[in-house]
Amino acid sequence: MVSNITSTHPAAFLLVGIPGLEHLHIWISIPFCSAYTLALLGNCTLIFIILADSALHEPMYHFLAMLAGFDLVLSSTTLPKMLSIFWFRGREINFYACLVQMFFLHSFSIMESAVLLAMAFDRYVAICKPLHYTTVLTGPLIVRIGMSAVFRAVTLMTPLPFLLRCFHYCRGPEIAHCYCEHMAVVRLACGDTRFNNIYGIAVAMFIVVFDLLFVFLSYIFILRAVLQLASQEARYKAFGTCVSHIGAILAFYTPVVISSVMHRVARRAAPHVHILLANFYMLFPPMVNPIIYGVKTKKIRERVLGLFLGKNV
């Protein structure tokens, strides 16, 4: 059922889910489903509020709407299929659907990283060059930044599906994962996969190093500008505008770093440990980003309270 003898690739793959914990899939699905529900509710609410309220049509909130949109796609790319595996044992995924899922998964992760970098630039201009904020971060520039984020991700990820389509898969159809992650698919391929291995690592390192380097540089300039402010209250207020963004940076990159470290220092750990960490990376940022910005950003908090309490706050 899952192989096609007329082509070099199978007609479909079988997603195992979480190897070794199949008997706990139903229980594991409870926190996964809860987190996905929170991510959907929170990010849809953010987007609705920002689009509906003209007072929030500012660069910072435009970037936040982009982040929420990318979070929605990122979580929706993987979670529905994962829940299907947990609830209905719907393990089979069409070969091309698998490639599409992989493309969207990695592309939107790269887009989210780019938006977090753009938000660091927004905070840099707001604090270091406040008088030029509206003239620097214009509407056309924000659109170009968003299009650049999409273009970079699509350009980097487009080769992967075509490369994977050319392989012959002789190691069985079972993917030991909850979704079609690039390296999990490569492990099933026969032949020389060195280019895929090198390309995947190079792209990941480029994105993490490049984006985090410029985020770090932005905050060096921000910190220097904040420390030059005359009063402690002004310094606290200025740096307080960055707290939400720092929280989003930590929510996005901390699981990546932990997962990377675990792959190297705990190679003999049970497979489900690494897969649970990878799933945590898919779930955690989309779930907590709306909470971080809803709690720490006064305008967002007031609009959310007004929306759910039915009054203008």
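None of these values were measured; they are calculated from a predicted model.
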- Is there side-chain contact between Cys180 and Leu15, with heavy atoms separated by less than 4.5 Å? yes
- Task: Compare every heavy atom of Glu181 with every heavy atom of Met102, then report the nearest pair and how far apart it is.
- Result: CG-C, 4.4 Å
- Message: Tell me if a side-chain donor or acceptor on Glu112 pairs with a main-chain N or O of Leu67 at a distance below 3.5 Å.
- Response: no
- Message: Applying a strict under-4.5 Å side-chain criterion to I, L, V, M, F, W and Y, I'd like to know whether Phe239 and Leu227 cluster together.
- Response: no
- Item | Non-hydrogen atoms of Pro161 and Leu99 that approach each other most closely | O-CD1, 3.7 Å
- Query: For Leu283 and Thr78, what are the C-alpha separation, side-chain angles and deciding distance, and is it a side chain to side chain contact (heavy atoms under 4.5 Å, CB included)?
  - Reply: CA-CA 9 Å; Leu283 277 171; Thr78 56; over 6 Å; no
- Cluster check Leu250, Tyr253: I/L/V/M/F/W/Y, side chain < 4.5 angstrom: yes
Considering only distance and modelled atom types, tabulate donor-acceptor pairs under 3.5 Å from the side chains of residues 18-27, sequence neighbours left out.
from	atom 1	to	atom 2	distance (Å)
Glu22	OE1	Gly20	N	3.0
His25	NE2	Ile18	N	3.2

- Which pair of heavy atoms, one from Ala12 and one from Pro173, lies closest together, and at what distance? O-CB, 4.0 Å
- Task: Report yes if some heavy atom in the side chain of Leu164 is under 4.5 Å from a heavy atom in the side chain of Phe103; otherwise report no.
- Result: no
- Which distance, rounded to the nearest 0.5 Å, do you find between the CG of Leu83 and the CZ of Phe32? 8.5 Å
- Task: Can you tell me which residue pairs pass the salt bridge (Lys or Arg N to Asp or Glu O under 4.0 Å) test with a partner in residues 191-215, sequence neighbours excluded?
- Result: Arg152-Asp211, Asp192-Arg194
- Message: For the CG atom of Leu14 and the CD atom of Glu92, what is their distance to the nearest 0.5 Å?
- Response: 6.0 Å
- Query: For Val150, which residues count as a side-chain contact (heavy atoms from CB on, under 4.5 Å) partner, sequence neighbours excluded?
  - Reply: Phe70, Met111, Val154
- Note on the structure: For Ile198, the hydrophobic cluster (side chain heavy atoms closer than 4.5 Å, chained through members) also holds none
- Closest heavy-atom pair and its distance - Ile85, Val16: CG2-O, 4.3 Å
- Item | Results of disulfide bond (SG atoms under 2.5 Å apart) for Cys190 - residues two or more places apart only | Cys170
- Task: Drop me the distance from Leu117's CG to Phe214's CZ, to the nearest 0.5 angstrom.
- Result: 7.5 Å
- Item | Distance-only donor-acceptor check, side chains Tyr199 and His182, under 3.5 Å | no
- Query: What are the two closest heavy atoms between Gly90 and Lys81, and how far apart are they?
  - Reply: O-NZ, 2.7 Å
- Task: Show the numbers, then the answer: is there a side chain to side chain contact (heavy atoms under 4.5 Å, CB included) between Glu174 and Arg91?
- Result: CA-CA 9 Å; Glu174 287 194 348; Arg91 301 168 60 201; 3.0 Å; yes
- Task: Would you list the pairs meeting salt bridge (Lys or Arg N to Asp or Glu O under 4.0 Å) in which at least one residue belongs to residues 39-58, sequence neighbours left out?
- Result: Asp53-Arg303, Glu58-Lys299
- Could you state the interatomic distance from CZ (Phe284) to CZ (Phe252), rounded to the nearest 0.5 Å? 13.0 Å
- Note, Leu56 side chain near Leu64 side chain (heavy atom, < 4.5 Å): no
- Item | Worked verdict on His245 versus Tyr219 for ring-ring contact (aromatic ring centres under 6.0 Å, His included) | CA-CA 11 Å; His245 180 252; Tyr219 274 99; 5.7 Å; yes
- Message: In the structure I gave you, are the side-chain heavy atoms of Cys242 and Ile222 within less than 4.5 Å of one another anywhere?
- Response: yes
- Task: With sequence neighbours left out, write down each residue that passes disulfide bond (SG atoms under 2.5 Å apart) with Cys178, or none if nothing qualifies.
- Result: none
- Item | Minimum-distance pair of heavy atoms, taken over all atoms of Cys98 and Val185 | SG-CG2, 4.0 Å
- For the residue pair Thr77 and Val100, establish whether any side-chain heavy-atom pair is separated by less than 4.5 Å. no
- Task: Apply side chain to side chain contact (heavy atoms under 4.5 Å, CB included) to Phe63 and Ile142, showing your working.
- Result: CA-CA 8 Å; Phe63 288 130; Ile142 294 170; 4.1 Å; yes
- Query: Going hydrophobic residue to hydrophobic residue with side-chain gaps under 4.5 angstrom, can you get from Leu223 over to Leu217?
  - Reply: no
- State whether the side chain of His57 and the backbone N or O of Leu51 hold a donor-acceptor pair below 3.5 Å, judged by distance alone. yes
Under 3.5 Å, which donor-acceptor pairs link side chains of residues 33-41 to any protein atom two or more places apart or in another chain?
from	atom 1	to	atom 2	distance (Å)
Ser34	OG	Ile30	O	2.8
Tyr36	OH	Ser76	OG	2.9
Thr37	OG1	Cys33	O	2.8

Under 3.5 Å, sequence neighbours excluded: what are the donor-acceptor pairs made by side chains of residues 122-132?
from	atom 1	to	atom 2	distance (Å)
Asp122	OD1	Tyr133	OH	2.5
Arg123	NH1	Thr241	OG1	3.4

- Message: Pair Leu156, His106 - check side chain to side chain contact (heavy atoms under 4.5 Å, CB included), show working.
- Response: CA-CA 9 Å; Leu156 290 173; His106 295 302; over 6 Å; no
- Residues which pass side chain to side chain donor-acceptor pair (under 3.5 Å) with Asp71, listed by chain and number, not counting sequence neighbours: Asn289
- Item | Spacing of Leu137 atom CG and Thr134 atom OG1 [to the nearest 0.5 Å] | 9.0 Å
- Query: Would a hydrophobic clustering, with Ile, Leu, Val, Met, Phe, Trp and Tyr connected at side-chain separations under 4.5 Å, put Val143 with Ile145?
  - Reply: no
- Message: Show me the pairs that pass salt bridge (Lys or Arg N to Asp or Glu O under 4.0 Å) and involve residues 160-172, at least two apart or across chains.
- Response: none
- Message: Measuring from atom CG of Leu116 to atom CD1 of Ile246, what distance do you get when rounded to the nearest 0.5 angstrom?
- Response: 12.0 Å
- Message: If the condition is side chain to side chain donor-acceptor pair (under 3.5 Å), which residues does Tyr169 pass it with, not counting sequence neighbours?
- Response: none
- Tyr179-Trp87 co-clustered via ILVMFWY side chain contacts under 4.5 Å: yes
- Task: Would you check if Phe167 and Leu188 make a side-chain contact, meaning some heavy-atom pair closer than 4.5 Å?
- Result: no
- How about Met282 and Ser109: do any of their side-chain heavy atoms sit closer than 4.5 Å? yes
